[in-house]
Structure formats: C-alpha cells, structure tokens
Amino acid sequence: MPRSVASSAVSTPYDPQAIEARWQQRWLDDGTYEVDNDDPRPPYYVLSMYPYPSGPAHMGHVRNYTMGDLLVRYRTMRGDGVLSPIGFDSFGLPAENAAIQTGTHPRINTEANIELLSASLRRIGAAYDWRRVVKSHDPDYIRWTQWIFLKFHEAGLVYRGEAPVNWCPGCVTVLANEQVLSDGTCERSGDVVEHRDMEQWFYRITAYAQELLDDLDDLEWPNKVKVMQRNWIGRSEGAEFGLPIADVDGNARTDVEPLAVFTTRPDTSFGMTFAVISPEHPRIDELTTDDRRDDVEAFRASLAGRSEIDRLSTEGALDKRGIDIGGRVVNPFTGRDIPLFAADYVLMTYGTGAIMAVPGQDQRDWDFAEAHGCDIVRTVQPPGDFDGQAYLGDGPAINSEFLDGLHVDDAKAAAIDWLEERGLGERTVNYRLRDWLLSRQRYWGCPIPIVYCDDCGERPVPVEDLPIDLPDDVEFMPTGRSPLTTHQGFLGATCPACGGAARRETDTMDTFVDSSWYFLRFTDPWNEEAPFDTASASRWLAVDQYIGGVEHAILHLMYARFFTKALADLGVAPAGLREPFARLFTQGMIRLGGAKMSKSKGNLIAPEEILDDQGADALRLAHLQVKPPQEDVDWEDFGIDGCAKFLARVWRLAVPGGDLAAGARDGSPTAADTEVDKATHRLVARITDEYDRWSYNTAIAGFMEFTNLVYRWVQADDGPHGPTLDAAVDALLLLMAPAAPHLCAELWEARNGGHLHEQSWPEADPAMLVDDTVTMVVQVNGKVRDRLEVPADLDESGAEAAALTSDKVAALLDGAVPRKVIARPPKLVNLVV
RNA sequence: GCGGACGUGGCGGAACUGGUAGACGCACCGGCUUUAGGAGCCGGCGCCGCAAGGCAUGGGGGUUCGAGUCCCCCCGUCCGCACCA
C-alpha cells in the first residue's frame, strides 16, 4: 500500500522538544485555530476562565488549559467552528503592590507577564485564536468597560451611596461583600476587615436577585455551584409588619411610625414576647428611654471596638450581647406591650434591622429570653416526646387565638392575611444578596467615568470622551494611597453640564467588572462602535463550555450572569441572552504536601522544568490521566515518567521504519487480525463517549490498553498484516490528537502526510462493535462458578441449557434441580437451589 | 448547626442504567534481551490458604435470584455557608 515515509522521521527516537516547538509554530503560522464570525461550520464556544497574568503558567493553569484545549481540538475534529479565545485579566492588586515595592510601573510588569503567560500557554500546546486577545488594561477595553458603566448608570443600575463598607487595611481599599471570608478576613490578603462608612459606587445586582435564582435551574452546571449560588442569593419568604410604639401605659401610639420587623414565621407572632433592634438602627436613640441612655451608649461603644469576627462569633453570653433599651412596643396580635432590646447579632444590613423575638420557636430567642428574664410562650404544639427547648418543627398552633389548630404553612398564610386586611403589614421576600460594591481606592483598575462639579454635582463623562485612561506619570507611595488622588492632570476635568471646573472620580472599578463581560468582547474584539455587536454575541453565546476553578463559584459567575442579563435588557446584548455560560466544568485544584499549590505558600512546581524534560504532551497526559478532572489532585500522584514512557511506546509503534513496522505481511486477515480490527472500532466508540463525558482519565487508560493489545498482537502474531496495523495506529493517533497534539501530528504527517488536526473525527462501524460469541457468567446462588463462551444471540432457554452443561455447575448441583433460574442472555445465568 | 460531595488493593483510580469487583497507571516481584539506561519486551501482583476453597468495596441492618451501585441507621473525611430573623 502507498505510504509516504517522511525521511526526517525514519526510526528517529521520540524527541518531544523538536516536535513540540515545530508544531506550535505551525499552528500559529497556519492560523489553525483562528475562526471567523462567518465561518460556515456550526459554532461552538469553548472558554477557559480569564487568567490574571502573574508570570509564566503555573500547574493550575496547565490543568485548566489542558482540559480546555482537549475540548477545542476534539470539537474541531468533530467538524465545529470552535471559538477558542484567550485574554488577560490584567488589572489588579499584585501589579500595584509590586509597583509600591519596586517602583516598576504596573503596566510594565503586567505586559511582561502577559508575554510570559502567553509563551507558556503556547508551550503547553494550547490552541487559541490569538487575533482576538483581550486585555482588561488595554484602552480599547477600558473604553467599553466605562461605556457599559455609563449605560448601567443611565438605567439606574449604578448608584452612589453611603454604606458601611468592608475596609481591608492590607489592600488599602474597600472590598465587596463577597470578598470577605466568613471569619471576617480579606480573601486576598488575609487581613482582618474593618468597617467604615463611606460613599461608594454600587451595581444594583439585587434588581436581578429573583432572576439570578430562577435561571440557575436550566444551567448545566455542577450542582454544587448552583447550591452555592442559591445560598448566596438567600431568598426567604415571610412578612414585614409594624410594631406600634407603646406609650407609658402600654398602649399603641398612633402619632409615631411603628417599628418595622421582618419574619419568616408570622405564624408564631402570638409568641412574640420581646423585640430586638440592631445597635446601628437609625431609630435607636428615639426608642431608648432616658434612664437607659447611658447604658445603651456604653453598650454601643463596647461594640465599636470589636472586630467583625468577634461580633459575629456564636460564642459569648447572650446577656452581654444585648441590652434593654427601655422603650416598649406593642405586639399587634396580642395587643400587649413588650420590651425592646438592642443586640449585636441583629444586623442592620438584613431585613429591616429589627426582629420580633419568639423564644418558643427559636433557640437563640429562647436563650436570650432566659438571659434577660423574658416570657416564653409556645405557639406551636411540639410532639409528645419532645424534650428540647425551642421547637422548630411543624405542629398545630396553640395560644394563638384565630390561628389555633392550623399547621405552620396554613398558619403563616392566615397570619399574613390578617396583617394585610388590617393594613399592618404584608407578605414580603427578602434576599441575602446585597448590591455589588464596585469602588476600589486603587490605581491599577478601570477608572470610574464620573466627574464631580461644585455646581452640577456628579456627572457621567460623555461617551465621546472615553476612554478615561490611567496616567503613566505617577509615583507609588508606600502608604498605598492611590496616586490618582494627587495627580493634578488626572483630577482636573471639565463639567459636561456647565463647562466649569470639575474633579474626576479617583476610585477605580473592582476587577471583577472587567471579567464580567470579556466573554462577550471575544465575539467581536475589533468593534470600535460598540463593546460588541449583537449579531456576533448572538452567534457565539451562550458559551458552550466554560472551564475554570470552583473558587469562582460565587463571585465571578454571579457577576457575569448579572452583567449578561442587564446588557441584554439594555439592548446591548441579544435580548434572548439570559445566561452567559450554558455549561460549566470546574476542575480540581492541585495540592503539594497536602496544601493548595500557590505562590503565597511557596510550594509551586514549575511546569517549565517538565516541559524542558519530558515535554508538553507528557505533562498534558499526566494531568488527564492522574484523576477524574473535577477532583483535587496531589502532585505526588502525578506519573509524568509513566506518561512519557507511554508516548515513547506509541512513537515506536507508529513511526515509519520503526521496529514494529518491520515484518508487515500481506495476505488474507487472520482471526487475530479481525480481533484487532474490532478492538480499533471499539476504541473509537469508547473514546468518543469518554471525551463527551469528561472521563479523560479512563480515556487515557483506553489508549494504554489498546496500545498494549496491539503490541502483544504484533509480537505474538509473527508480524502484523499491514492494513490492520495501519488502521489501528491511525485511529489511535486521531483519537489521541486532542490529548497529545504534538506527537500525534508529527506521526500523522510522517505516516500519511498532511495535518492531523485538520482530519475529521473517526467513526466506529456498528457492525464491528458486535461479537459472535461472548463470555457468559454462570452463577449458583448468586456466586460466580463458571464462565462459558456462548453465541451472542443466545435466548433464555439456550442460556439455561448452556449453563447446565458446565461441569463445575453440575458438581455443585450434585443432581439437584435448580429451584429457580434467572437467565439474562448472553451475559449471565443464575441458578438458585 | 445547615447544605453539598465522598469513603473500593501498598498508592491514584476503573466498574455508564443493580449482573464477571479491582480496567489503566504507579510501586513492588520474577523472567528475557550484551543492554549499563531516567532503557526495552514478557509475566506476576486484593486478603487468608499448599490446594480445593473462603473472605473482601468505612461499620451495621434491609430490599433483591443477585448490591460497590438502591433504602434506613451509624462512623469518618473533604468542601461551602454560618447569629440572615
């Protein structure tokens, strides 16, 4: 048969360095993975999460980008026009902190790091359309980030407000709620976060709370991530109603606003024996009586010095955590006046900042009531064997007049109806989700396009003045204070309304803003009239497969979803685009010595050393083989050498003129040849399925198993038949191409000429997937006793008959007749005696 | 505390819908090949036992002809949230 034998590869040993550099250059030169917006193939969008350029790729990147690249190459061979873009989340604190320490401008460092990371990505063989690169700090990108801000501003989705903010002393900036860990420390620096009241910019993400919750249902995302998002949004249904303020005689005053409370248990209202407000509540002074004023002030002062960790810890005696403020309110259900407390655990930022306390059905209220001598009234009948304190379960209402006898759900509805009929309150929904604080008091971020005029107030910058870029002639102060705040050239602006002098906003945007729309820009990165056009976005979005780490389960993914919905509603993105990422895959992280591999822990393994030694294909294969991709891995478990040996084995099998190619003979196929042909087709079917299911570790096992089989056959069968061997090896190269792209491309070219990655994906012949005979298991009482070769089309009675021919079975039966026979031909027969 | 995931050889892991437990790799052991290398090829490798055979998927029950897989209880590990009214 004709076979082009490239002289360059004859019997040469496997040399990953030479091969890999050559193909990486070739993919760039040929634009193999460039795709235009009018590409005739079906569109498929594969995206790995926007990396922060901190230098060359680390192992986590390699894992992430190997998975993405496998999919890009696989889908391309399947015939799709795959959009595979790459970009850089290039604003952010590390570059600015480095500037403060070394004096090197963040732009210099960042651009150098982008080059390093790009080079690493090319070295692992990751294929991208490099024409579409997007960088957050690029003026072309800043312009559109600012443009979107202004669009949102116009639509009321951006506002400026005084708010208690999380201030990180280490980062010298405020943090979004999401960036503060549950122990009250900064997710970046680990510093204890302080609380300050500041004027800040917010995105009104809460306007989309319900939609963000509802639309999770249809996403093909890991359940874990959806659960985390649902918890974060934290929807709770209940009622909001007013507690009238009591006069000295305990009667409800009508001349002052009642105190609003939110509850999810309106059914327990008759058991409300006291109420609690947040120490930060704006009405606390009004509701504090003069005789209590000094004590309340002292209590509030004691909180001011306490950190958030302390304040939110569950520890601490409840008598110390709350104080009677003297004022009394009326329980509208009972008409009785009850005491009012202030307690640190009531948050001003959730609900109304005030709660009704029902000790009978809430353990914390029970504890508080005991500590402060309040009454406890059960309003839900606990079961007879209940011996706890507060009872949280279902049961008939008691001590609740018109609610008595109703179970919790019905009682809730009846209680709300009662409130609504009297105009005292209403059914409400509360969300834990809060608006997204986007201001950062830092230099290296996207400037907020707002100016402040003494006469006209805050004014958006006209779009024709965009981008507002960062000045380069700045000095970084060791205080960490943003140089923008003292840069006269930047500060000075003209008011777009009156033409007078104005001062520019010096806060920049949270970098999560940049990553909230980059996937849209990739669809149309050359556009100078708009951030992207709707047709391009419509063609590619939603992203068919998004790949990244679980650490972005809440922050980035929630923000990007919000941006997509808002942009669609503003007519910037296609109206029907409700979600950016149809499918999400979260790959596991890499640990070393039991700890997450990270720069800060100093336990990094540099990919370069392995790339220099065993090569990119071996490293990729090791990442794919070591564990299911979604699970965390210990670096100690990686088998780079084993993978490199396997690749060398494939090389020797496939290389023209190699040892195993010798001795090829012609003539009619033997039975052994047919078995190999069938194994080839089974492999095609298997790998296709496993790639589709992200079962990459078993796919690699499949390659090894198949290679072993071919080796044994070649050596046992006195030289292979040429066509069978060629078909087996070519199929192996095609199937392995997405996993080990360089080696396979090289071998393909040497064997067949042409470019492997332009070949189409092989298809298994269904006729080759069926066998004439199969191994049937014979069980006696459910235990395997024998295995028989039987025809594949055996029926039940045939299977039973075959089973009874077994000597081993006959010996066990010892003449007895099976009581029952379960035949599942052709796989299994179970004889029950 | 609430929510989620999980528990299989010395190790990482296979076993898609209940039907041959341990694929594949690592480690280890043996053999071959004049080969000295980070080699290659073949074979062995759950535990107990000379064997026949028995025992095995965190522990205990259950459903079923049959359970790693389904149900209940318990133990343990990891992750997320955590005074949210």
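Here is how names work: the chains are called A, B, and so on, in the same order as the sequence lines, proteins then strands, and each is numbered from 1. Please read all numbers here as calculations on a predicted model, not as lab measurements.
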> Can B:G9 be described as syn, meaning its chi torsion is within 90° of 0, or is it anti?
Replying inline: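 Syn.
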
>> How long is the straight-line distance from OH of A:Y14 back to CG of A:L743, given to the nearest 0.5 Å?
In response: 5.0 Å

> To the nearest 0.5 Å, what is the distance between OG (A:S695) and CG (A:L624)?
Replying inline: 11.0 Å

Give the rounded distance in Å between these two atoms: [atom1] of [X] and [atom2] of [N].
X      : N     : atom1 : atom2 : result
A:L788 : B:G19 : CG    : P     : 20 Å
A:K224 : B:C78 : NZ    : P     : 13 Å
A:E705 : B:A14 : CD    : C1'   : 10 Å
A:L340 : B:A85 : CG    : P     : 20 Å
A:R785 : B:G66 : CZ    : P     : 14 Å
A:R693 : B:U17 : CZ    : C1'   : 12 Å
A:E551 : B:C81 : CD    : P     : 13 Å
A:L709 : B:G43 : CG    : P     : 11 Å

Could you give the distance separating [M] and [N] at their [atom1] atoms, to the nearest angstrom?
N     : M     : atom1 : value
B:G25 : B:C45 : C1'   : 14 Å
B:C32 : B:G49 : P     : 29 Å
B:U69 : B:A51 : P     : 30 Å
B:U77 : B:C71 : P     : 23 Å
B:C24 : B:A14 : P     : 14 Å
B:G68 : B:G22 : P     : 12 Å
B:C29 : B:G9  : C1'   : 16 Å
B:C70 : B:G18 : P     : 9 Å

>> So for A:D613 and B:G38, does any side-chain atom that can act as donor or acceptor lie under 3.5 Å from a complementary atom in the base?
In response: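 When only heavy-atom distances are counted, A:D613 does reach the base of B:G38 through a donor-acceptor pair under 3.5 Å.
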
> Can you find an N or O donor on one side and an acceptor on the other, under 3.5 Å apart, linking the side chain of A:N231 with the base of B:C81?
Replying inline: no

Within the pair [X] and [N], is there a side-chain N or O less than 4.0 Å away from OP1 or OP2?
X      : N     : value
A:K820 : B:C65 : yes
A:N708 : B:G25 : yes
A:R364 : B:G1  : no
A:R649 : B:C41 : yes
A:K783 : B:C55 : yes

> Is there a side-chain contact between A:I376 and A:T273 (heavy atoms, below 4.5 Å)?
Replying inline: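 A:I376 vs A:T273: side chains apart.
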
> Taking both distances under 3.5 Å as the test for a Watson-Crick or G-U pair, what stems of at least three pairs does RNA chain B have?
Replying inline: B:1-7 with B:75-81, B:10-12 with B:24-26, B:28-32 with B:40-44, B:46-48 with B:53-55, B:58-62 with B:70-74

Once you apply a heavy-atom cut-off of 4.0 Å, does [X] come out as touching a base, just sugar-phosphate, or nothing?
X      : result
A:R591 : nothing
A:Q614 : base
A:R819 : nothing

[X], nearest nucleotide to its side chain (from [options]):
X      : options             : result
A:P628 : B:U20, B:A85, B:A14 : B:A14
A:R824 : B:U20, B:G19, B:A85 : B:G19
A:R652 : B:C24, B:G40, B:C65 : B:G40
A:N223 : B:A14, B:C41, B:G4  : B:G4
A:I822 : B:C65, B:A85, B:A14 : B:C65
A:S236 : B:A85, B:A21, B:C41 : B:A85
A:A701 : B:G38, B:A23, B:A85 : B:A23
A:R434 : B:C65, B:A15, B:C84 : B:C84
A:K645 : B:A39, B:C84, B:C11 : B:A39
A:Q779 : B:G25, B:G19, B:A85 : B:G19

> Looking at RNA chain B, which of residues 259-277 of chain A put a heavy atom within less than 4.0 Å of it?
Replying inline: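 The answer is A:F262, A:T263, A:T264.
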
Would you say the ring centroid of [X] lies under 6.0 angstrom from that of [Y]?
X      : Y      : result
A:F703 : A:F646 : no
A:F638 : A:H623 : yes
A:F241 : A:F262 : no
A:F368 : A:W366 : no

>> Test your reading of the model: is there a side-chain donor-acceptor pair from A:Q17 to the backbone of A:D612, 3.5 Å cut-off?
In response: yes

Does the pair [X]/[Y] count as a salt bridge with the N-to-O cut at 4.0 Å?
X      : Y      : value
A:D217 : A:R230 : yes
A:R693 : A:D689 : yes
A:K226 : A:E220 : no

>> Here's a test of your reading of the structure: between A:V777 and A:T698, which maps to the more 5' nucleotide of RNA chain B?
In response: A:T698

>> Need to verify one output field. Residue with the more 5' nearest nucleotide on RNA chain B, A:N697 or A:M348?
In response: A:N697

>> So which atom in A:M704 and which in A:Q625 form the shortest heavy-atom distance, rounded to 0.1 Å?
In response: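 For A:M704 versus A:Q625, the nearest heavy atoms are CE-NE2, 4.2 Å.
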
> Considering all heavy atoms of both residues, which atom of A:R620 and which atom of A:L70 are nearest to each other, and what is their separation?
Replying inline: NH2-N, 4.3 Å

